[in-house]
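Predicted, not measured: the structure shown is a model, and the values here were computed from it. As a basis for the values below, the full set of heavy atoms in this structure was taken, side chains included, without hydrogen atoms, waters or symmetry mates. A, B, ... follow the sequence lines: proteins, then strands. Residue 1 opens every chain.
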Amino acid sequence: MSVSTPRPKKVNQIGLSRSDYQGRPSTLCSGCGHDAISSQITKAFYQMAVNPHQVAKLSGIGCSSKTPTYFLSQSHGFNGVHGRMPALATGALLGNRHLVCIGISGDGDTVSIGLGQFCHLLRRNVPMIYVVENNGVYGLTKGQFSATADLDSQLKTGAVNDLPPIDCCSLAIEMGCSYVARSFAGDPKQLVALLEGAISHSGTAMLDVISPCVTFNNLDNSTKSYKWAKEHEELLHQIDFIPHFEPIEEVQYEEGSTQEVEMHDGSHIRLKKLERDYDPMSKESALRMLSQTRESGEFLTGLIYVNPTAKNFIDLLDMSETPLALMPDDKVRPGPEVLEAAMKELM
Amino acid sequence: MSVSTPRPKKVNQIGLSRSDYQGRPSTLCSGCGHDAISSQITKAFYQMAVNPHQVAKLSGIGCSSKTPTYFLSQSHGFNGVHGRMPALATGALLGNRHLVCIGISGDGDTVSIGLGQFCHLLRRNVPMIYVVENNGVYGLTKGQFSATADLDSQLKTGAVNDLPPIDCCSLAIEMGCSYVARSFAGDPKQLVALLEGAISHSGTAMLDVISPCVTFNNLDNSTKSYKWAKEHEELLHQIDFIPHFEPIEEVQYEEGSTQEVEMHDGSHIRLKKLERDYDPMSKESALRMLSQTRESGEFLTGLIYVNPTAKNFIDLLDMSETPLALMPDDKVRPGPEVLEAAMKELM
Amino acid sequence: MGIQTQSQEGLQVEPGQEIVNDCSIQVATVNGSGSQSSNNVLMRAIFQMGVPISGKNLFPSNIAGLPTWFTIRASQAGYIGRKEEIDILVAMNSATAKEDVETLTPGRVVIYDEKLKLSEIRDDLIYYPVPFSGIAGEVIKDIRLRKLIANIVYVGSTAELLGIEMAEVEAAIAKWFKGKQKAIDLNVKAAHLGAQYVRDHLTKSDPFQIQRRNKTEGKIIIDGNAACALGSVFAGATVLAWYPITPASSVSESFADYMKRYRIDPDTGKATFAVVQAEDELAALGMAIGAGWAGARSMTSTSGPGISLMSEFVGLAYFTEIPVVIFDVQRTGPSTGLPTRTSQGDINSLYYLSHGDTQYVVLFPSSMDECFEFSVMAFDLAERLQQPIFVATDLDLGMNNWMSDPFDYPDKPIDRGKVLSAEDLERVGEFARYKDVDGDGIPYRTLPGTDHPLAAYFVRGSGHNEYARYTERPEDYVNLMDRLARKMETAKTLIPQPIAEYQEGAEIGIVCYGSTDVPMVECREQLRTEHGIEINYMRIRALPFTSHLKEFFGRCKRVYSVEQNRDGQMGDLIRLEVGDDQGKVVKVLHYKGLPLDARFVTDQIMTHEKRKDK
Amino acid sequence: MGIQTQSQEGLQVEPGQEIVNDCSIQVATVNGSGSQSSNNVLMRAIFQMGVPISGKNLFPSNIAGLPTWFTIRASQAGYIGRKEEIDILVAMNSATAKEDVETLTPGRVVIYDEKLKLSEIRDDLIYYPVPFSGIAGEVIKDIRLRKLIANIVYVGSTAELLGIEMAEVEAAIAKWFKGKQKAIDLNVKAAHLGAQYVRDHLTKSDPFQIQRRNKTEGKIIIDGNAACALGSVFAGATVLAWYPITPASSVSESFADYMKRYRIDPDTGKATFAVVQAEDELAALGMAIGAGWAGARSMTSTSGPGISLMSEFVGLAYFTEIPVVIFDVQRTGPSTGLPTRTSQGDINSLYYLSHGDTQYVVLFPSSMDECFEFSVMAFDLAERLQQPIFVATDLDLGMNNWMSDPFDYPDKPIDRGKVLSAEDLERVGEFARYKDVDGDGIPYRTLPGTDHPLAAYFVRGSGHNEYARYTERPEDYVNLMDRLARKMETAKTLIPQPIAEYQEGAEIGIVCYGSTDVPMVECREQLRTEHGIEINYMRIRALPFTSHLKEFFGRCKRVYSVEQNRDGQMGDLIRLEVGDDQGKVVKVLHYKGLPLDARFVTDQIMTHEKRKDK
Ligand SMILES: Cc1ncc(C[n+]2csc(CCOP(=O)(O)OP(=O)(O)O)c2C)c(N)n1
Ligand SMILES: Cc1ncc(C[n+]2csc(CCOP(=O)(O)OP(=O)(O)O)c2C)c(N)n1
Ligand code: SF4
Ligand code: SF4
Ligand SMILES: [Mg+2]
Ligand SMILES: [Mg+2]
C-alpha cells in the first residue's frame, strides 16, 4: 500500500501512484478486450485522483463481470448475481451516497437477463458509471450469442445471429440516461477521456465499450471483432478531458471547431469537431445519428449524449448529507416520547 | 354457445354472432377504462371473423390482466404471473403456431416488473397482439405509480410522480416492434380499427392504450385521466380498416390525402391525413414525432409505426406447418435405427 | 349470562337469558362502498365501552363492487380469534344477503335493509329490518354520499340494539374523521337517526348485549403491518426498497408514512432514510442487499410470489453474509393463489430458500407487540449475524385490527454487529473478512468507504476464502460452509426462545406459531371446560429450533402441531428436530384461507383423541 | 497382481509386482490449451484395449489459462468412481507441477516435461522426464500449434509406458478428428515420437500396466448431459427454451445438435422442434410452460441459480397443472458458488420449490442409461401427471465421461396423458378442466385451438374451481389442494421405484441417489473385503418416496445416508418418511465439490462403526 512502500516519483493529486490503483492479475484469456478496459479504468481513476477507499466497484456475472478484481484493489468490490448489478449498486448508493460507484457488466449481463434492471437504473439516473463490456457473446458460458450481436454476425462456432441487436446507446438515451458514450477497447485514448468524463458526471454515465472476445467472437466478419472495429471505427469528435483541478489553458480554436461541456464537478470535456458537426447535448440528434449509423453499418464512437445538469436519484430522494450507513443511532431511533405519541393516536 | 342457441340475425363471415365473442361479466370498477377496451376487443375479433376456438388470450397480473376473462369466453385463456406473459405467449406460439394470440397487460405489468420480457418479445417479433392497458398506476394494489406515469402527474393519494415516464411506443420501436400504435380507451372507433389492423398483422402488434383508472388515477391533472386524455388527444390520422374478405371500394381521394398499408393477410389499413403529413412506415420519423410530442406534452394517437413485411419469430425458426403440439408420435420419436446409429458413433 | 357455548345446533339460551359482551357481528357489504369507516366506528365504539374486540375484514381480490365481510368479535373473556358462528348479521349487500342469512345457525340476529325482505327466507332467526337508505336520504340528498351515509346508519341501529352508548359512537366517529367537522356532523346525525328508528319501530328480542367494562383501558388498536413498520422505524431502519403486493404493501406504506413524520432530521430538514419503490421484487431485495452491504439497516416487505422471486438474491446474501430484513406477510399460495386470504404456507420456502445448502433465521410474531418487538430485533439480528432475517407474519395478523397493549420502547441499544472502523483496523492491523476470529462463526466486516488501506475486500457470490479472495479449493469451501453452519448455532442463542406453558399433569401438548396462537387460549379453555383436558402449550417464536422444543416433547405424550397450511410444514421441521419423539406429532391443519378458529382445533383434537381411545 | 489396496501411506507393492488395469492417471494442464483432444485420445485408447474407464475433468470457472486436471481411471474391476489417490501424474502445467507432485503418495509415477525438473522435489516417486515441446517441435514449427501437439506427445509416451497398443492410440486419434486427415497425420506422428522417445531413453520401473481385456466390447462413452439430451429427443420433446449456465448448457446444446440431425421432417424439410435461447431463466421456463400448455412436449435445462429464478413460474405450473420437464444439473452452491464443481445441494429446493404448499416429482438418474431412460420417462410423467417434472443430475454425471451399455430404445409408446380432443368432447358432452373424474387426482385437459365449444377453459394461477373459474371459496380451494396432494399419491405408482440389494445377514444399510451411487460398488467391496461388513443397499431413484424405503429400514439396524451436500438434505427427507426408524439414519456427507470417492465413504462408515462399538 502506498504509505508503506517508498513513494515512487510520479503521484497524482492525492499523492497516490498508479500502482495504488492496480488490481490483481487477470485470469481472462490473453488478448481479451476486457483487460484493455480494466487498465483504462485504472488510469482514469488515477488521473482523476479518486480516493480508492471511497470507490465501490460492482458487477454481475460473466468474464466482464470478473474484471473489478483486476483494477482498484484498494476499493470495495461486489461481484453479485447475473444481471442484477444495478439493484445492488443503487442500494449501495442509498446506503452511502458518498461512494464513487462504478459498475461493470457484459452485454449478456446487461441486455439479456439484466435488461429490466438496466433500464430502470438509467431511468432513475443513479449517480454511477455503468460500463458495458460489449462483445456480442456470452464469454464465460463459452460463446452463445447475446442480444447485442449484430444481424448475420458470425461466431467461431459457425453460428450466425438472426435476431436484431439491442443498441445499448439508443436504449440508454430512450431511458433518459444523462451520459451516453460508445467506445472501443482498442482505443485507449478516447476510452480514458470518456471514463474521466464519466467520473466527473453526476448521474448515470453509460459507456458501451466494444470489447472483443478473442476466444469466441473475434472472426473478421463479426462486428465485435478487433479487425472489424478497427476498420470501421469512426470518431464522432476528438475528446479531451480537463479535470476540475487543472487550469483550462487558453488556447484559441477557430470558431465552432470545438465544444466545451462543463461537468458537474467543474471539469470540462472538450470536443474537437471532425467530419461531423455534432451536438452531444441534443437527444434528438443523438437518436437520429445512432439510427442512421446503425443502418449504414458504421461503428461510431465518442460522447453521444450528455446532460451535465440532470437531477440524479440521490438528489431526488432529498437525503441527508451524512450517509445513511453512518447515521448516529440517535438520529435513526426516535425517542420514547415519539413512540408514546404514536401509541396515543392508536388508543 | 352459438350452435345451440337460435342464431340471431346479425352474424359475421364465419356465421358467429357478436355474443359468441362476449366474455364473462367484469368485476372491475364501473367506469374503468379496461372494460372499454375489452368491448372493442370483442368487436374487433367479431368483425374480423376470427374463430374464437383458435384464439389464445394471455395476461399477467393486474386489473388489466383480469380482462381476458371479460372477452371471448370461447377462447383459451391464461392469466399467468406478474410481468411474465410474454414468455408464456411465446411458448404457446412455439407449441401451436396457428393460435391467434392476444396478450393483455398493464403498465406496471409491462414496464415495471415486465420490462425485460416485454423488450425481448418485441425484439423477436413474436406474432401476437400485445395490448398495454396504460393507466400510469398499479390499480390492483391500490394506486402506486407505475413507470409510465408522467412527471409531476398526481394520484388521488396526493402523491406526485418525480421519475420520467417510459414511453411504450418509442421503446417498442427501439426494440424493433413491427406494429406500434397508441390509442385511448375513450376512442372506440380508432381503437377497434387499430385492433383489426393488429389482428391482420404478422408480427408483434403493440398497442399502448391509455386506459384511465377511475379509482386511483383519474384526477384532471393526471395525464392518464379521461378528462386530460379527451382534451389533449390528437389524431395522427383517421384510420379505416378494410378486412381481406371485403372488397376495397374504389373511392377517389385527392392526391396524397390518404395512404394505404397492405397487411400480411391482404387486409388494408387506410390512413386519411389530418393536420400532419405522417408516414407510419418510417422508423425515424416515428421516433422523432414521439419525442417531439413528448416534449410538447401532446397526446398523439394512431398507427405510429408499421412494417407489414417484417419476418416474425415463427418464420425465423423454420418450423413445420403442423403445430408442434399436434405432431404425430412417429414424427417426434425417431426410429430404433436412429438410436442405434447414435450409439455406434459413441462406441 | 357468561360465555356462551357455541355449536352447529345453534344458540342455546333460556328465554330472557342475556349474553353480555360475547358476540360476533358480521357486516356484509361490497368493497369500495365506503363501509370501512362505519365498520371501524362500530368496532371502536365497543372497544371504548371497555370490551375487548377484534376486527377481521374478509375482502375479495379486486377493487370495488364485490362482496366483503367485516366481522367484529366482542369478548370480555378476551378471545380475539375468529369465531365460526356469526351472532349478529348486518346485511347490507343484496347480492349475498340470502346466502349470508342461510349460513346462520338458529337463534341468531339479522339487521338488514328493509328492502331486502330477508325475513321471508327462514323463521328461526331474529330479524330487525331498518330502512337504511331511506334514513340516509333524510341526512343527505346526493345519491353517492347517501350510500356512504347508509353505512353509518346501521352503526347507529346496531349500537342501539346492543346497548352501545351513543357517546362512544360519536367519539369513534370523531376519531375516524379527525377534525373534518362537516363529515363528523353528518355521520353523527345519521347514526342517531339509525338509533332513533330502532327505538321508535323495533323491540329487542335477542339476548346479545354490550355492557361497559374496563378491559380496554389504555389499549391500542392496530394492524400487524403497521406494527412491523413501527418496529422498523424504532429499529433505526434507514433503507426500504419494496414492490407492492397484497397483503404486504401496507408494511412499506406505513413505514414510509412514519418515516416522513418521524425521521426528517430536524437540524437539516433532510430525510434520514430512503424509500424506493423498485421495479420488482428481485430489484427490491437487490437494493436492500446493496444498502446492507454499504452499512445501512435495510429491509423489504413482500408476500409469497415475491419470496419466490427473491430466492436467488437471498442465497447471495446468505453466502456473502450481508444483513437485510425481509418481511413476508403470507397469503394463500401456491402461485397467485388467494391474494386476500391468509395462510402459513411459506415455512419451507423461507427456511430453505435458494439453491444449495442454505438456512435462515425466521421470526414468527403472533401478536401486535411481537410484530413491533421482533421487527426491532430483526435488524439487530441481521447485523449481528450478518444474514438475511425473515419476519414471517400473515394476512390475518398483518391486515386485520387487533387490540394490544401499547408497545414498549426498545430496552436495548441498537446492535450494529461486528463492524471494523478505520480506527479499529489501525489498531488490530489486519483484516480477513471471512475469518472466524471469535469462534462464533461470525466474521468481522468493514463498510465500503472506510478510509483505510486494510478496509477493502471483495464480496462475491462465488467461492471465497477467509480473505474474500476467489477460490475453488475444496478445503476453503468446506471451511466456509462449516462456519456458516456454526453461525446458525450462534443464532440459536440470540433469537426469541419459544414460550412454554406446562399444566399440572397434562399429557397432551399443542405447538403453534404466528397467528395460529391467537385462538389457542380459547381452544385450550374449550378443551378444559368442555372435555376436561389439560394442555401443555408451546408457542414457537423463531427458527431454528432450540433445546426447549425437545424438552417440551419430553414432557408430553402426544403433541398436536397446529398450523395453517396443507402440508404441515412446521410439523415436519418439528419432527426432524425432536428425533425419536417425532411419532408424538399429530398435525392439525387448517388451510381454508380464513383465520383459524378455536372450535376447529378443539374438534380436530377431540376427534383424534376419541379415535385413539378406541 | 489384482486389485491394489489404496491407502494414504502410499502404494504397497512387492518388487516386480505388476498392477494391471487398475490405475488412475491425472493429466495436469491449463484450460484452453487444447489438451481436451489428447486426454480424450488417451482415455479412448485404454477403453479400446477393453479396459473399463472413466474420465473426469476438473476445470476452473474461467475460459483459458488456469489449471485443469483430467483424471482417467482404468479399472478392470469396473470401478468408475473417483479415486482420491493418483497413480500416474502427467505434469504439463508448470504453475501447479510442484503442488501436484507433492500431493502424490509415495511410489507413484510422474511423467513430465523435462524442463520442469520435478525429480528434485522428492525422491520417493518414479519419474519419467520427456521433452514434450521439443518433440512437438520436430513435428510442427508453428508455436501455437506446437503447444497443442505437445499434448498428443504425452499421450504417446504414456501409452508406451503403460503398454497401451499404438494401434488403439491411432484409432482414438482418427475417431476424435473425424476425417480431418491432416490433423490425424500430425497427431499420429507426434504420438509415435512420444512413444519412441520413451523406448529410446527411459526404462520402466513402475508396476502399472494396461493389458488387453474384453470388458468394453460394445460399450459407449458419453456424458450425462448428452444422454439426457438424447433421451429428450427420443421422448419426442418438441420445444426447448433455455438459458446458458454451467454445467447445464450442454444438455440444451446437445439437444439442439441432435434435433438438427434427427428431427428435420424429411417430407417437408422443416423442423419438428423449436429451440429458443431465452433472455433468462424466468423466460426460459415461462416459454416452456406456455408450450406445455399449448400441448407441446417442452423442457428447459439449468443449474442452481436458474432453479432459484424459476421458483415463481414452477409454482404456477404446479398450481395450474401444466406439464414441463426441468433438468437441473447441480453444481456447488449456494449462490454462484463453485460453478465448475459438483454437488447434490438442490434437493430441498427442488422438492419444495416456490412459495405455498408445493411438492414435485424429482428423478435421480445415477448412470448414463438412466439419464437416457429417465429423460424419456420424464416427459411421459409430465403429461400424465400434468406437473413440472425435475430430472436432477449433477456436474459429475453431466459433464464427465462415462462408459455405458448402449441405450435401449423406449419400450413404451409415448404417453400424452389425459387430453380431450374435439371428438372426445363431442362424445362426453361435458368438460371440467380441474375435476377429478377418475379419482386419481389427475383431471382432463384440452389443448388451446381445439375446435369445439366445450374446449376452452381459463388457466389462472389464482384460485380456481373444477371449471377453472375464479374462486375464493374455502371449499373450492381445499378441494383443489387436496386433489393436488392426491395426485402425488398417484405419482408414486408411476415413478421409478428404488433399487434395493439385500445381503444375507446384513444389518447395516446404505442409501444413495444420483451420482453418489457410482462409487458405492467399490465402497461396499472395500467394506466387505477390508472389514468383513455386508451391506444392504438402496438406491433412491425418485421423489416422492414409496413404501420400499420403509421396508428397507425395517430390515436394517443402521442406515448410512450418503449424499453430496452439507445439510444432508435427502437424509432429512428420509427421516421424515421412515418415522420411528428415523433414528437409524446416519448421515455421510461429502461436500468438497469433487466427485465422491469410495474410500471417503468407507472411512466415514468405519469411524462411525468403531465409535458405536465403544
Ligand atoms: C442466473 C444465472 N444464469 C446463468 C448464469 C451463467 N452465466 C454466467 S456468465 C453468463 C453470460 C455472460 O455474458 P456477458 O454478460 O456478455 O459477459 P462476457 O462473459 O461475455 O464478458 C451466463 C449466462 C449465471 N451465472 N447465473
Ligand atoms: C410477483 C408479484 N409481485 C407483485 C404482485 C402484486 N401486484 C398485483 S397487480 C400489480 C400491479 C398491476 O399494475 P398494472 O400492471 O398497471 O395493472 P392495473 O391494475 O393498473 O391494470 C402488482 C404489483 C404480484 N401479483 N406478483
Ligand atoms: S472468453 Fe472471451 S470474454 Fe471471456 S475472457 Fe476469454 S476472450 Fe474474454
Ligand atoms: S382500480 Fe382502477 S384499474 Fe383497477 S378496476 Fe378499478 S378503475 Fe380499473
Ligand atoms: Mg459478452
Ligand atoms: Mg396500471
Side-chain angles (χ1 to χ4, degrees), chain B residues 1-4 24 27 51-56 58 61 68-69 72-81 84 86-96 98-99 116-117 119-120 124 317-327 329 331-336 338-340 342-343 346-347, chain D residues 218-222 230 233-239 241 258 262-263 265 268 270-274 276 278-280 282-298 312-313 316 406-407 409-410 413-414 447-453 455-462 470:
Chain B
M1 156 57 197
S2 52
V3 293
S4 56
R24 307 183 58 77
T27 61
N51 174 359
H53 305 154
Q54 204 55 39
V55 176
L58 296 93
I61 300 287
T69 308
L72 299 180
S73 285
Q74 292 183 36
S75 301
H76 301 260
F78 197 148
N79 180 196
V81 290
R84 318 294 178 192
L88 291 171
T90 304
L93 284 161
L94 295 174
N96 185 339
H98 293 336
L99 293 175
Q117 290 208 350
C119 291
H120 285 283
R124 296 189 179 105
L317 290 169
D318 198 31
M319 281 196 266
S320 304
E321 264 305 307
T322 322
L324 297 181
L326 306 179
M327 282 277 161
D329 292 358
K331 288 261 185 224
V332 296
R333 171 174 286 176
V338 176
L339 181 59
E340 215 167 278
M343 291 298 103
L346 296 164
M347 285 177 182
Chain D
K219 306 255 185 209
I220 63 169
I221 300 179
I222 192 171
L230 208 49
V233 172
F234 284 87
T238 49
V239 174
Y258 282 126
Y262 301 142
R263 291 280 297 277
D265 186 339
T268 64
K270 298 277 184 188
T272 64
F273 63 89
V276 177
E279 59 269 34
D280 63 17
L282 290 84
L285 181 56
M287 290 178 191
I289 291 172
W293 171 59
R297 295 205 135 187
S298 63
E312 188 194 21
F313 251 137
L316 175 71
F407 304 150
Y409 192 76
I414 291 175
L447 305 185
T450 304
D451 199 1
H452 191 284
Y457 67 94
F458 202 101
V459 181
R460 39 171 63 85
S462 48
Y470 181 79

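To the nearest 0.5 Å, atom NE2 of residue His452(D) and atom NE2 of residue His53(B) are 8.5 Å apart. Separating the CZ atom in Phe458(D) from the NE2 atom in His76(B) is a distance of 12.0 Å, to the nearest 0.5 Å.
Here Arg124(B) is the residue among Glu340(B), Glu321(B), Arg124(B), His98(B) with the most heavy-atom pairs under 4.5 Å with chain D. When each of Gly295(D), Gly449(D), Gly236(D) is checked for heavy-atom pairs under 4.5 Å with chain B, Gly449(D) comes out on top. Chosen from Ala271(D), Ala284(D), Ala235(D), Ala296(D), the residue pairing most often with chain B at heavy-atom distances under 4.5 Å is Ala271(D). Annotation: maximal heavy-atom pairing with chain D below 4.5 Å, among Gly95(B), Ser320(B), Ser75(B), occurs at Ser320(B). Here Ala456(D) is the residue among Ala294(D), Gly461(D), Ala278(D), Ala456(D) with the most heavy-atom pairs under 4.5 Å with chain B. Interface check for chain B: of the options Pro413(D), Ala288(D), Pro410(D), the most heavy-atom pairs under 4.5 Å are formed by Pro410(D). With respect to chain B, the highest number of heavy-atom pairs below 4.5 Å among Ala241(D), Gly218(D), Ala237(D) belongs to Gly218(D). Interface check for chain B: of the options Arg460(D), Lys219(D), Arg263(D), the most heavy-atom pairs under 4.5 Å are formed by Arg263(D).
Using a 4.5 Å cut-off between heavy atoms, Pro86(B) does not touch chain D at all. If you measure heavy-atom distances from Leu326(B) to chain D, the contacts under 4.5 Å come from the side chain alone. At a 4.5 Å heavy-atom cutoff, Tyr470(D) makes no contact with chain B through either its backbone or its side chain. Interface residue Leu58(B): only side-chain heavy atoms are found under 4.5 Å from chain D. Both the backbone and the side chain of Ile221(D) come within less than 4.5 Å of a heavy atom of chain B. Heavy atoms closer than 4.5 Å to chain D are found in both the backbone and the side chain of Leu324(B).
Arg84(B) contributes no side-chain N or O that, together with a main-chain N or O of Ala283(D), makes up a donor-acceptor pair within less than 3.5 Å.
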Between Leu316(D) and Leu88(B), is the side-chain contact (heavy atoms from CB on, under 4.5 Å) condition met? List the steps.
CA-CA 11 Å; Leu316(D) 175 71; Leu88(B) 291 171; 4.3 Å; yes

Let me see the working for Ile414(D) and Val332(B) under side-chain contact (heavy atoms from CB on, under 4.5 Å), right down to the final yes or no.
CA-CA 10 Å; Ile414(D) 291 175; Val332(B) 296; 3.9 Å; yes

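Looking only at side-chain heavy atoms (C-beta outward), Met343(B) and Leu230(D) come within less than 4.5 Å of each other. Two residues are said to be in side-chain contact when any heavy atoms from C-beta on lie closer than 4.5 Å; Asp318(B) and Lys270(D) meet this criterion. Contact annotation: the side chain of Arg297(D) never approaches that of Met327(B) to less than 4.5 Å [non-hydrogen atoms, C-beta and beyond]. Side-chain atoms of Gln54(B) and Asp451(D), non-hydrogen and from C-beta on, never get closer than 4.5 Å to each other. Using a 4.5 Å heavy-atom cutoff, the side chains of Val338(B) and Val233(D) are not in contact.
Contacts of Arg333(B) classified as side-chain hydrogen bond (donor to acceptor under 3.5 Å, both in side chains), with partners at least two apart in sequence or in another chain: none. Thr27(B) meets the side-chain hydrogen bond (donor to acceptor under 3.5 Å, both in side chains) test with Tyr70(B); sequence neighbours excluded.
The two residues Trp293(D) and Gly77(B) have their closest heavy-atom pair at CZ2-O, 3.7 Å. The minimum heavy-atom distance between Ala274(D) and Leu94(B), with the atom names listed, is CB-CD2, 4.0 Å. For the residue pair Thr272(D) and Lys331(B), the shortest heavy atom distance occurs at OG1-O, 3.9 Å. The two atoms that bring Phe407(D) and Leu339(B) nearest to each other are O-CD2, 3.5 Å, heavy atoms only. Nearest approach of Gly335(B) to Phe234(D), heavy atoms of both residues: O-CE2, 3.8 Å.
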